[in-house]
Amino acid sequence: MADWLERNVPRILLAPSFLIVLIFVYGFIAWTAWVSMTRSRLLPKYEIEGFIQYDRLFAAPRWDTAMNNLFIFGALFIVVSMMLGLLLAILLDQKIRIEGTLRTIYLYPMALSMIVTGTAWKWIMNPGLGIEAVVRGWGFESFVFDWVIDPDMAIYAIVVAAVWQASGFVMALFLAGLRSVDDEIIKAARVDGIPTWRIYSAIVIPSMAPVFLSAFIVLAHLAIKSFDLVIALTGGGPGYATDLPATYMYAMAFSRGDIGQAASSAMIMMAVVFAIVVPYLYSELRVKRG
């Protein structure tokens, strides 16, 4: 008995955590998938009815808006965050004197919660309190910056706030990648008279492909599950102009009392995440086995 306990102590210690994850993560995923195939409304039903909820979902104009917003938000958020993060990382890679101070300033937004970020930018973009009011106070009475209340521009206000928070994190990833490049290669290129911009564009940046892929995966995941930033900044409005799949799912589940629609939208979100993460994991495992 003592020998058996000694051999199985790790399994015994991990068993409760494994069981909790199995039930409250994968169990609820399975439950959500089941409910998405029923006619559930306010209360769940368990008779399988096929893909009726998905048919309703794809026919809903609000879901179309949410998916279009996700495409716009995700594309701009990922591209701008990566470009800005790369530029900041290259700046700090020049080993400037105040690198520590700048790195702290750039990373600080990532320490804030999305709720705090959304609330702060809601004040900044409020036409009566923020940038518009300040600039008009300087005498520019025709200046307008009302993105947060403009249905056509509100999604871009969310992009600005999200980029502000995430670009410092991307900078840290890229800076670590830049510092991992062999200095001898860079020194040899400088001896050959290659300009600095050419060294980065032709030697350093191409060698950081795995870092770019990791940053893309992280940012895409953040974009797909974005909820609290939208709720704090625009509340999904004006109307539902800034709805994203996560806010749509929340509205269906807790405001509209439509569990079936919430479950089907959750499964679509999970499918999008899998479509991004699974190929990445497959490529990583294949490289390690090779």
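Just so you know, these numbers come straight off a predicted model, no measurement behind them.
Tracing side-chain contacts under 4.5 Å through hydrophobic residues (I, L, V, M, F, W, Y), one never reaches L87 starting from F77; they form parts of separate clusters. Under the 4.5 Å side-chain heavy-atom criterion for Ile, Leu, Val, Met, Phe, Trp and Tyr, V79 and V160 are members of distinct hydrophobic clusters. W164 and L129 end up in different hydrophobic clusters when Ile, Leu, Val, Met, Phe, Trp and Tyr side chains are linked at under 4.5 Å. Under a hydrophobic-cluster definition in which Ile, Leu, Val, Met, Phe, Trp and Tyr are linked whenever side-chain heavy atoms come within less than 4.5 Å, directly or via other members, V25 and F274 are assigned to the same cluster. Linking Ile, Leu, Val, Met, Phe, Trp and Tyr residues whenever their side-chain heavy atoms come within less than 4.5 Å leaves I155 and Y240 in two separate clusters.
N69 places a side-chain N or O within donor-acceptor distance of the main-chain N or O of D243, the cut-off being under 3.5 Å. With hydrogens and angles ignored, the 3.5 Å screen pairs a side-chain donor or acceptor of S40 with a backbone N or O of K45. Panel note: side chain S201, backbone R198; a donor-acceptor pair is recorded below 3.5 Å. In this structure, Q165 contributes its side chain and P109 its backbone to a donor-acceptor pair below 3.5 Å. Between the side chain of W121 and the backbone N or O of I158 there is no donor-acceptor pair closer than 3.5 Å. Using a distance-only test at 3.5 Å, with no hydrogens or angles considered, a donor-acceptor pair links the side chain of N68 to the main chain of D64.
The two residues V273 and H221 have their closest heavy-atom pair at CG1-CD2, 4.5 Å. Across all non-hydrogen atoms, the minimal contact from A161 to L229 is CB-CD1, 4.1 Å. A pairwise comparison of heavy atoms in A166 and L219 identifies CB-CD2, 4.0 Å as the closest pair. Closest of all the heavy-atom pairs between M267 and S36 is CG-OG, 3.9 Å. The two residues L92 and R179 come nearest to each other via the heavy atoms O-NH2, 3.1 Å. The two residues A246 and M269 make their nearest non-hydrogen contact at N-SD, 3.7 Å.
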Exercise. How far apart are the C-alpha atoms of Y106 and S167, what are their side-chain angles, what is the distance that settles it, and do they pass the side chain to side chain donor-acceptor pair (under 3.5 Å) test?
Worked result: CA-CA 8 Å; Y106 296 150; S167 57; over 6 Å; no
Problem set entry | Full working for side chain to side chain contact (heavy atoms under 4.5 Å, CB included) between N126 and V148 | CA-CA 7 Å; N126 188 314; V148 77; 5.6 Å; no
Problem set entry | Working for side chain to side chain contact (heavy atoms under 4.5 Å, CB included), residues Y108 and T104 | CA-CA 6 Å; Y108 175 73; T104 302; 5.6 Å; no
Problem set entry | Check against side chain to side chain contact (heavy atoms under 4.5 Å, CB included), I268 and W63 | CA-CA 11 Å; I268 296 297; W63 175 253; 3.7 Å; yes
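Side-chain contact between I149 and P127: present, with at least one pair of heavy atoms (C-beta onward) separated by less than 4.5 Å. Taking 4.5 Å as the limit, every side-chain heavy atom of Q53 sits out of range of all side-chain heavy atoms of M37. By the 4.5 Å heavy-atom criterion applied to side chains, L43 and I259 are not counted as neighbours. Using a 4.5 Å heavy-atom cutoff, the side chains of L57 and Y248 are in contact. Taking the side chain as every heavy atom from C-beta outward, F212 and I205 approach each other to under 4.5 Å. Within the 4.5 Å cutoff, the side chain of R256 has heavy atoms near those of the R62 side chain. V204 has its side chain out of reach of D93: every pair of non-hydrogen atoms, C-beta onward, lies at least 4.5 Å apart. Looking at heavy atoms from C-beta onward, P238 lies in side-chain contact with P151 at the 4.5 angstrom threshold.
Applying the 4.5 Å side-chain rule to ILVMFWY residues, one finds F227, I231, F254 in the same cluster as Y250.
With 3.5 Å as the limit, one finds no donor-acceptor pair spanning the side chains of Y46 and T38.
L244 contributes atom CG, which lies 10.0 Å from atom CD1 of I72 (distance to the nearest 0.5 angstrom). We find the CE-CZ distance between M83 and F174 to be 11.0 Å, quoted to the nearest 0.5 Å. For the atom pair CE of M270 and NZ of K225, the computed distance is 15.5 Å after rounding to the nearest 0.5 Å. Distance check: S81 OG to F216 CZ gives 12.5 Å after rounding to the nearest 0.5 Å. For the atom pair CZ (F24) and CG (L19), the distance works out to 8.5 Å, reported to the nearest 0.5 Å. Distance check, rounded to the nearest 0.5 Å: CE of M153 to CG of D146 gives 9.0 Å.
The aromatic rings of W147 and F145 sit tilted, their planes meeting at an angle between 30° and 60°.
At most 12 heavy atoms of other shown residues, nucleotides or ligands fall within 6.0 angstrom of atom CZ in F71.
Exactly one of T65, T247, T234 qualifies for a side-chain hydrogen bond (donor to acceptor under 3.5 Å, both in side chains) with T242. That residue is T234.
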